[in-house]
2 protein chains.
Amino acid sequence: MPAPPTIKEIARRLNISASTVSRALHDHPSIGLRTKMRVQQLAAELNYEPNQTAIFFQQRKTFTIGVILPELSEAFFSAAISGIEDMAGRHQYSVLMGQSHDEEEREKQIVNTMKKHRVDGLIISIAKNTKDYTHFVSLQQAGIPVVFFDRIPNLADIHYVACDMVAGTVQAVKYLLGKGHRVIGMINGPDKLLASRQREEGYIKAMQKHRLKYDPTLVVSSDLTREGTDKAMSKLLSLKRHPTAIVAFNDYVAMDAVQYAVKKKYKINEDLTFVSYANLPISHYTAFPPVASVEQFPYVQGQRATEALLEILADPTSPWKKVTLESKLVIHTP
Amino acid sequence: MPAPPTIKEIARRLNISASTVSRALHDHPSIGLRTKMRVQQLAAELNYEPNQTAIFFQQRKTFTIGVILPELSEAFFSAAISGIEDMAGRHQYSVLMGQSHDEEEREKQIVNTMKKHRVDGLIISIAKNTKDYTHFVSLQQAGIPVVFFDRIPNLADIHYVACDMVAGTVQAVKYLLGKGHRVIGMINGPDKLLASRQREEGYIKAMQKHRLKYDPTLVVSSDLTREGTDKAMSKLLSLKRHPTAIVAFNDYVAMDAVQYAVKKKYKINEDLTFVSYANLPISHYTAFPPVASVEQFPYVQGQRATEALLEILADPTSPWKKVTLESKLVIHTP
DNA sequence: GTAAAATACGCAATCGTTTGACCTCCAAAA
DNA sequence: TTTTGGAGGTCAAACGATTGCGTATTTTAC
């Protein structure tokens, strides 16, 4: 492990000053052609590579963006990361990763690490348990821009990229109505989630557009565990006007619900039709895949978030970015 | 964005030297208690945070490990990353991410970026298309240790962590033999993959242990596309001694194979039983999940790779780490 | 032939922190 | 009274690259 060659070393060997070497390597106009050549050749010979850590330090810029997500192994987030990394790489930025495991403490710790690393900016999807936002405020004070992503805090002045579930839900319900279903159930997620509220809003909107009255008993909520979903299903199926179609909060819920229905001897796609929200790339391999699902484009969201951040970095005076992608119903041709 | 406070600033305000401040903050014994207190208090007040970029530069160490994987959004790799990030975080290391998309060019480019970033070490799963290993050699020359992971190059002196498929395959075949199957097919992957060769080896081994003769026509290979798998299935099912059980290269192949068999009116789990290798956390939601699958523990592999790398960083003279995890058959209770 | 302008380069400071090598008291030992 | 010596600091260099400014040498213009 011989010490890597530095500009100084090149300067010494060529009997010129370090500044000349630096400028020569940058093709600065004030350096003569001869010298440029000599420098560049020697640099190539020595396999010279600029020490980025020195440059980062000197330029006060790291060309690194931090990404903090709840769980790297979840399909939704890993697709998002992929989008982030691709877009960042395309602009010569690197990506520093952290996962909060949905814990506030860990999230704060990662924010701190990222701050110390002097990342140029951050993309964050906040942890479920995070109630206190002071760590985000501290980032703002430090002048580090943050683009929130998917799970966004309830604050006014922030940049964010998210996916609006309303449109997709409207399409989903309309689709079912078009197929003749008149009693449509919904298994929603926890009420406090924005995502849940949007789903319900979409549901109501679609009903209203079709001049059907909104029956609140048809919208039940699950805590997203298998048991929660089973309970939700039992509630729905025991209604006197019981649904012939169900919109499930996500693919996991849908799969659990399907299994429950099967156990109860319902014929899927005859007695009971399912529509879901896409989390899993392969839900169509399942026994009874939903007939359609609302796609959230995590990869694209990741890209957009990165784009937004890069724009902010390029122009720090840029106004608050509030990017909303529309979810979209994808019909699964069998 | 007021310039963040520095050691110099603290020194100036307290009318002491920067070195004293530095030592005070590090609890150096040669600084008096009074001064230490004053420094630490002011530091807290000003919200002082050491500039890591300066420290990285000065210490020639970044406490960052680079991770290069083919595809961040694949379940196997995203689970691995999760393990890597967890283990790294536990040791105050950060993780710089890159995905090669299985392209040699991109891989080289990322290696270069990582080198410039002066990551302390790397964890790499090489791209499918990579034939030329010079970029890895250059890392070695630069004194940056690399732990290869899962997809390891065919080189002698390297560190690696991988999962041996032999043991799991032996178990899988034995399991099927135990269930009374005597004609067991295998849909393998491309021959050049180590993973394929290990599967075949396991298959043969299990047969030999049961004193059954190895019939090579029962082992066919797929290029892992749907069409490839269909062809493989057709080959297997048209044999005169046709198999009652099939070991599939992975869950995707298994799912395709199952769909093919269903189309051909085979009764899954009666006429034909499947065992697979786990890529997908949720394959048991599918219509006909494999009765068992060989688990590769990507999360654990990620952890192990990180552990290995950290040990190497702590002791650069450490010998070549060659960690092999054993795959293991997991039986799916229906 | 001389002034002005262009060309090609060197000097030195700077970024923030760390660290080995001094320095300066003051008290206790000789 | 002169040493020692420890406690508590200070100084300055170093890490590697960048950059504003100054300057020597050459070229051009008149």
Side-chain angles (χ1 to χ4, degrees), chain A residues 1-40 42-43 46-64 92 115-120 142-144, chain B residues 1-40 42-43 46-64 115-120 142-143:
Chain A
M1 40 157 201
T6 71
I7 278 198
K8 287 184 188 172
E9 173 69 8
I10 297 183
R12 199 183 53 69
R13 296 215 194 191
L14 258 36
N15 257 318
I16 55 182
S17 80
S19 33
T20 302
V21 175
S22 172
R23 287 192 246 258
L25 292 171
H26 286 83
D27 219 30
H28 191 283
S30 92
I31 302 298
L33 197 57
R34 273 206 65 72
T35 345
K36 261 184 206 171
M37 301 283 289
R38 297 204 314 144
V39 169
Q40 285 170 5
L42 183 56
L46 295 183
N47 249 307
Y48 168 77
E49 304 238 21
N51 183 333
Q52 285 296 114
T53 68
I55 298 177
F56 291 159
F57 168 48
Q58 205 262 21
Q59 313 267 291
R60 287 180 201 68
K61 180 145 167 84
T62 57
F63 287 95
T64 301
Q92 343 290 345
K115 208 160 64 178
K116 291 201 297 191
H117 269 258
R118 295 289 205 269
V119 295
D120 293 339
I144 302 178
Chain B
M1 39 152 203
T6 71
I7 279 198
K8 288 184 186 172
E9 173 70 8
I10 297 182
R12 198 182 55 68
R13 295 215 195 190
L14 257 38
N15 256 317
I16 56 183
S17 81
S19 33
T20 303
V21 174
S22 173
R23 287 194 241 260
L25 291 170
H26 288 82
D27 219 30
H28 191 283
S30 91
I31 303 298
L33 196 56
R34 274 206 63 76
T35 341
K36 261 183 205 171
M37 301 283 289
R38 298 203 314 145
V39 169
Q40 285 169 6
L42 183 57
L46 296 182
N47 249 308
Y48 168 77
E49 303 238 22
N51 183 334
Q52 285 296 116
T53 68
I55 298 177
F56 291 159
F57 169 48
Q58 208 263 24
Q59 312 268 290
R60 286 178 201 69
K61 179 145 166 90
T62 57
F63 287 96
T64 301
K115 209 161 63 177
K116 291 202 298 191
H117 269 259
R118 294 290 205 270
V119 296
D120 294 339

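Naming: A, B, ... by sequence-line order, numbering from 1 per chain.
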Query raised in the report: dT17(C) C1' sits how many Å from Phe57(B) CZ, rounded?
Result: 10 Å
Report summary line: Hits for side chain to side chain donor-acceptor pair (under 3.5 Å) against His28(A), two or more places apart or cross-chain, chain-then-number order -> Ser30(A)
Query - Touch class at under 4.0 angstrom, heavy-atom based, for Tyr48(B) against every strand present - result: sugar-phosphate
Requested in this report: Starting at atom NE2 of His28(A), determine the distance to atom C1' of dC9(C), rounded to an integer number of angstrom.
Outcome: 11 Å
Report task. Figure out the CE/P separation between Met37(A) and dA8(C), and round it to whole Å. Result -> 14 Å
Report task. Examine His117(B) together with Phe56(A) and report whether their ring centres are nearer than 6.0 Å. Result -> yes
Query raised in the report: Roughly, in whole Å, what's the span from CZ in Arg12(B) to P in dG16(C)?
Result: 13 Å
Report task. For Thr62(B) and Asp120(B), work out which heavy atoms get closest and say how close. Result -> N-OD1, 3.0 Å
Query raised in the report: Between dC15(C) and Thr53(B), is there an OP1 or OP2 to side-chain N/O distance shorter than 4.0 Å?
Result: no
Query raised in the report: Taking any atom under 4.0 angstrom from a heavy atom of chain B, which nucleotides of DNA chain D are the first and last to qualify, 5' to 3'?
Result: dG8(D) to dG16(D)
Report summary line: Ile55(A) CD1 to dT14(C) C1', in whole Å, measures 15 Å
Requested in this report: Can you tell me the distance, in whole Å, between the CZ atom of Arg60(A) and the C1' atom of dT17(C)?
Outcome: 14 Å
Report task. For residues Ala18(A) and Ile7(A), report the shortest heavy-atom separation together with the two atoms involved. Result -> O-CG2, 3.6 Å
Query raised in the report: Closer to the 5' end of DNA chain D via nearest nucleotide, is it Ser30(B) or Pro50(A)?
Result: Ser30(B)
Query raised in the report: In whole angstroms, how far is the C1' atom of dA8(C) from the NZ atom of Lys36(A)?
Result: 11 Å
Query - Minimal non-hydrogen separation, Thr35(B) against Thr20(B), with atom names - result: CG2-CG2, 4.3 Å
Query raised in the report: Who passes side chain to side chain donor-acceptor pair (under 3.5 Å) against Thr64(B), sequence neighbours left out?
Result: none
Requested in this report: Using atom CZ of Arg34(A) as one end and atom P of dT7(C) as the other, report the distance to the nearest whole Å.
Outcome: 19 Å
Using a cutoff of under 3.5 Å, can you pull out all pairs of nitrogen or oxygen atoms linking the protein to nucleotides 19-24 of chain C, with atom names and distances?
| unit_1 | atom_1 | unit_2 | atom_2 | d |
| --- | --- | --- | --- | --- |
| dG20(C) | O6 | Arg23(B) | NH2 | 2.2 |

Query - Sequence-distant partners of Ser22(B), side chain to side chain donor-acceptor pair (under 3.5 Å), two or more places apart - result: none
Requested in this report: List in chain and number order the residues that pass salt bridge (charged side-chain N to carboxylate O under 4.0 Å, His left out) with Lys115(A), two or more places apart in sequence or in another chain; answer none if no residue qualifies.
Outcome: Glu49(B)
Report task. Could you pull out the closest heavy-atom pair between Tyr48(A) and Pro5(A), with the gap in Å? Result -> CD1-O, 3.3 Å
